[in-house]
> 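Structure below; questions to follow.
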Protein chains: 2
Amino acid sequence: MLKYQQIAIEIEKYIEEQELQQGDKLPVLEHFMAHFKVSKSTITKSLELLERKGVVYQVRGSGIFVRRHKRKGYISLLSNQGFKRELEDAQISSKPLQLEVRKPSKEAALNLNLHEDEDVYYVKRIRYINGETLCVEESYYNKAIVTYLNKEIVSESIFGYIREGLGLKIGFSDMYMQMDQLDENEAVHLGLKKGEPKLTVETVFHLTNGQPFDFSRVVYNYKQSRFFLQTNSDT
Amino acid sequence: MLKYQQIAIEIEKYIEEQELQQGDKLPVLEHFMAHFKVSKSTITKSLELLERKGVVYQVRGSGIFVRRHKRKGYISLLSNQGFKRELEDAQISSKPLQLEVRKPSKEAALNLNLHEDEDVYYVKRIRYINGETLCVEESYYNKAIVTYLNKEIVSESIFGYIREGLGLKIGFSDMYMQMDQLDENEAVHLGLKKGEPKLTVETVFHLTNGQPFDFSRVVYNYKQSRFFLQTNSDT
DNA sequence: CAGTGGTCTAGACCACCTA
DNA sequence: AGGTGGTCTAGACCACTGG
């Protein structure tokens with residue numbers, strides 16, 4: 001574990017334990033330098049991390065302050081590491097509908113930089129949040145990278161398995177969102193009616209080395225879908 | 001203009017001029033250090049900026065590579081600076097429906113940290129993209145901060161005016177999204193039918209010093225709403 | 001004008017990738 | 001093994017905030 005990561009974790013823990021609120025002032029840089037016995041840049045880096053994560057904001061000439069968003073029960077759109085990490089409070093579970101090795105669709109091949117004769121794992125599952133249908137997910141995994149999947153893995157956290165089981169490092173992802181009306185088939189899966197709203201999110205996930213390994217299309221149940229997103233001006 | 005910002009701009013310009021594609025390799029750090037005559041950390045900072053912006057990705061032991069997303073015509077969800085900056089290709093215009101000073105609703109007061117007897121500007125407008133209705137927007141601006149607005153400003157870019165006209169610095173924002181079905185009134189504004197899908201996005205915008213100055217609720221036309229979002233694993 | 005965060009440097013050393 | 005990005009340091013100097 002790197003110093004600046006460790007320090008970021010400890011500062012965040014401190015904020016939680018002290019139950020600090022939006023706008024509360026944290027100790028000054030000098031204090032953290034002395035307390036953790038590191039140089040200024042290291043502390044700066046830790047705080048940058050927390051700033052991007054939406055935990056603090058820094059005001060030059062004034063201080064470092066706690067940032068909090070007020071609403072609970074929203075799913076964070078950042079975090080390209082699957083849901084499991086985000087929603088400690090909520091129960092997320094999955095019911096696999098299909099799991100097979102096949103050739104990719106044209107679209108999947110394009111998004112994964114594959115030829116149409118290479119293998120992918122195709123996974124279709126329904127995901128539940130607190131017992132309600134959250135979404136229907138179809139994913140294509142490049143089999144050359146994600147070499148093995150089974151029903152058990154697919155019922156749990158696929159991304160967890162990819163990280164821990166396969167030792168792969170997940171890097172960045174591109175998400176595309178649009179809305180439309182549910183068709184018959186989707187409506188049945190989600191327990192809704194044809195014509196009701198849906199949100200479709202397509203995502204291409206890449207490893208840290210830039211290789212795309214997963215293309216997924218997720219159709220969300222509009223009744224359970226509340227998302228939040230914290231942004232920075234990011235000079 | 002800071003060095004690392006300037007350098008980031010130049011590197012990005014270089015990528016565009018050379019029409020580099022996803023996966024193309026950029027020169028090594030050493031090269032940039034020599035070329036711009038700055039220290040390693042400065043270049044690193046520039047590249048971090050570009051990485052967060054989704055322009056490049058860096059692979060330790062390997063190099064710096066161009067990152068591109070493949071689809072056009074999507075609205076970026078990051079950028080809390082209004083649309084104007086994002087969509088160079090698209091024509092965005094606004095038709096004001098209401099503009100007045102009033103007392104905030106309970107909800108607006110809560111989100112802006114105001115008492116219910118303090119003044120806000122209330123703005124309601126329809127926004128168009130390439131001649132089609134994009135969304136209906138209702139905003140509450142803290143009048144103590146955004147001291148003046150008129151019909152002309154509200155027809156153009158409010159955020160542009162806040163930055164340049166008022167000299168305020170926009171910091172971070174919290175967005176909350178959810179879906180539902182259009183009611184009668186919204187449907188009329190958007191030229192759609194009651195019961196069709198809608199996406200509602202509520203956002204609280206803050207200055208760099210942490211003060212909230214704008215609370216807005218935007219209802220999007222599902223036919224024009226395509227969003228994208230690039231994320232990083234963000235160590 | 002004192003306090004506080006931000007930028008920038010030069011250099012040492014480390015971790016990872018490719019071959 | 002050689003190349004490449006990442007971390008960390010110590011210190012100088014700058015820019016903004018607020019009494």
Side-chain angles (χ1 to χ4, degrees), chain A residues 1-9 11 23-52 55-67 145 167-172 206-211 232-235, chain B residues 1-9 11 23-52 55-67 145 167-172 206-211 232-235:
Chain A
M1 176 75 57
L2 299 167
K3 280 193 191 178
Y4 77 90
Q5 293 177 322
Q6 187 58 47
I7 291 171
I9 290 170
I11 294 177
D24 284 355
K25 194 168 186 301
L26 291 177
V28 299
L29 279 181
E30 286 276 8
H31 167 91
F32 286 124
M33 288 168 63
H35 183 269
F36 293 107
K37 295 193 180 62
V38 295
S39 73
K40 187 175 178 183
S41 341
T42 303
I43 294 294
T44 299
K45 192 118 199 238
S46 302
L47 290 166
E48 264 176 34
L49 223 171
L50 292 177
E51 193 162 32
R52 260 179 288 152
V55 175
V56 305
Y57 59 94
Q58 300 186 67
V59 186
R60 185 183 335 216
S62 179
I64 304 157
F65 304 89
V66 173
R67 178 173 174 195
I145 300 173
L168 296 173
K169 277 176 230 146
I170 298 167
F172 54 91
H206 307 254
L207 300 178
T208 46
N209 69 5
Q211 266 190 92
N232 296 303
S233 60
D234 234 8
T235 309
Chain B
M1 176 75 56
L2 299 168
K3 280 193 191 177
Y4 78 91
Q5 292 177 322
Q6 186 60 45
I7 291 171
I9 290 170
I11 295 177
D24 285 356
K25 194 170 187 300
L26 291 178
V28 301
L29 278 181
E30 287 274 9
H31 167 91
F32 285 125
M33 288 169 64
H35 183 269
F36 292 109
K37 296 194 181 62
V38 294
S39 73
K40 188 175 177 182
S41 342
T42 303
I43 294 295
T44 299
K45 192 117 199 238
S46 301
L47 290 166
E48 263 176 36
L49 223 172
L50 292 176
E51 194 162 31
R52 260 179 288 152
V55 174
V56 304
Y57 59 96
Q58 299 185 68
V59 185
R60 187 189 324 219
S62 180
I64 304 157
F65 304 89
V66 173
R67 178 171 175 196
I145 300 173
L168 297 173
K169 278 177 232 146
I170 298 166
F172 54 92
H206 306 253
L207 300 177
T208 47
N209 69 5
Q211 266 190 94
N232 296 303
S233 59
D234 234 6
T235 311

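Below, read A as the first sequence line, B as the second, and so on, with proteins coming before strands; counting in each chain starts at 1.
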> Under 4.0 Å from OP1 or OP2 of dG6(C): is there any side-chain N or O of Q58(A) that close?
yes

> Between L2(A) (CG) and dT9(D) (C1'), how many Å, whole number?
15 Å

> Starting at CD of Q5(B) and ending at P of dA15(D), how long is that distance when rounded to a whole Å?
13 Å

> Return whichever of N209(B) or E48(B) has its heavy-atom-nearest nucleotide of DNA chain D closer to the 5' end.
E48(B)

> Side chains of N209(A) and R60(B): donor-acceptor distance under 3.5 Å anywhere?
no

> On the nucleotide dT9(D), are OP1 or OP2 found under 4.0 Å from the side-chain N or O atoms that T42(A) carries?
yes

> Can you measure K3(B) atom NZ to dA12(D) atom C1' for me and round it to whole angstrom units?
13 Å

> Show the nearest heavy-atom pair for residues F65(B) and G23(B), with the distance to one decimal.
CD2-O, 3.3 Å

> Whole angstroms only, please: what is the CE-C1' distance between M33(B) and dT9(C)?
10 Å

> Quick check: on DNA chain C, is the nucleotide nearest K40(A) upstream (toward 5') of the one nearest S41(B), or the reverse? Name the residue that is more 5'.
K40(A)

> Throw together a table of side-chain donor-acceptor distances under 3.5 angstrom for residues 25-42 of chain A, partners on residues two or more places apart or in other chains.
residue	atom	partner	partner atom	Å
S39(A)	OG	T42(A)	OG1	3.4

> What is the distance, to the nearest angstrom, from the CG atom on L207(A) to the P atom on dC17(C)?
11 Å

> Take V59(B) and P27(A), find for each the nucleotide of DNA chain C with the closest heavy atom, and name the residue whose nucleotide sits nearer the 5' end.
P27(A)

> From CD1 of I43(B) over to P of dT9(C), roughly how many Å is that when rounded to an integer?
9 Å

> Between the side-chain atoms of K45(A) and the base atoms of dG6(D), is any donor-acceptor pair under 3.5 Å?
no

> For the side chain of L29(B), starting at C-beta, report the closest nucleotide among dG5(C), dG5(D), dT17(D).
dG5(D)

> With heavy atoms under 4.0 Å as the rule, sort L47(A) into base, sugar-phosphate or nothing.
nothing

> Choose from dT4(C), dT17(D), dC14(C) the nucleotide whose nearest atom is closest to any side-chain atom of K169(B).
dT17(D)

> Side-chain contact, heavy-atom cut-off 4.5 Å: L50(A) with I11(A)?
yes

> Nearest to the side chain of S39(B), which nucleotide is it out of dA10(C), dA15(C), dT9(D)?
dA10(C)

> Expressed as a whole number of angstroms, how long is the span from Y57(B):OH to dG5(D):P?
13 Å

> Rounded to whole angstroms, how far apart are CD on E51(B) and P on dT4(D)?
18 Å

> Looking at dT17(D), I'd like to know if its phosphate oxygens (OP1 or OP2) sit under 4.0 Å from a side-chain N or O belonging to S62(A).
no

> What orientation do H206(B) and F172(B) show, parallel under 30°, tilted 30 to 60°, or perpendicular over 60°?
parallel

> Using OP1 and OP2 only, check whether a side-chain N or O of Y4(A) sits under 4.0 Å from dT7(D).
yes

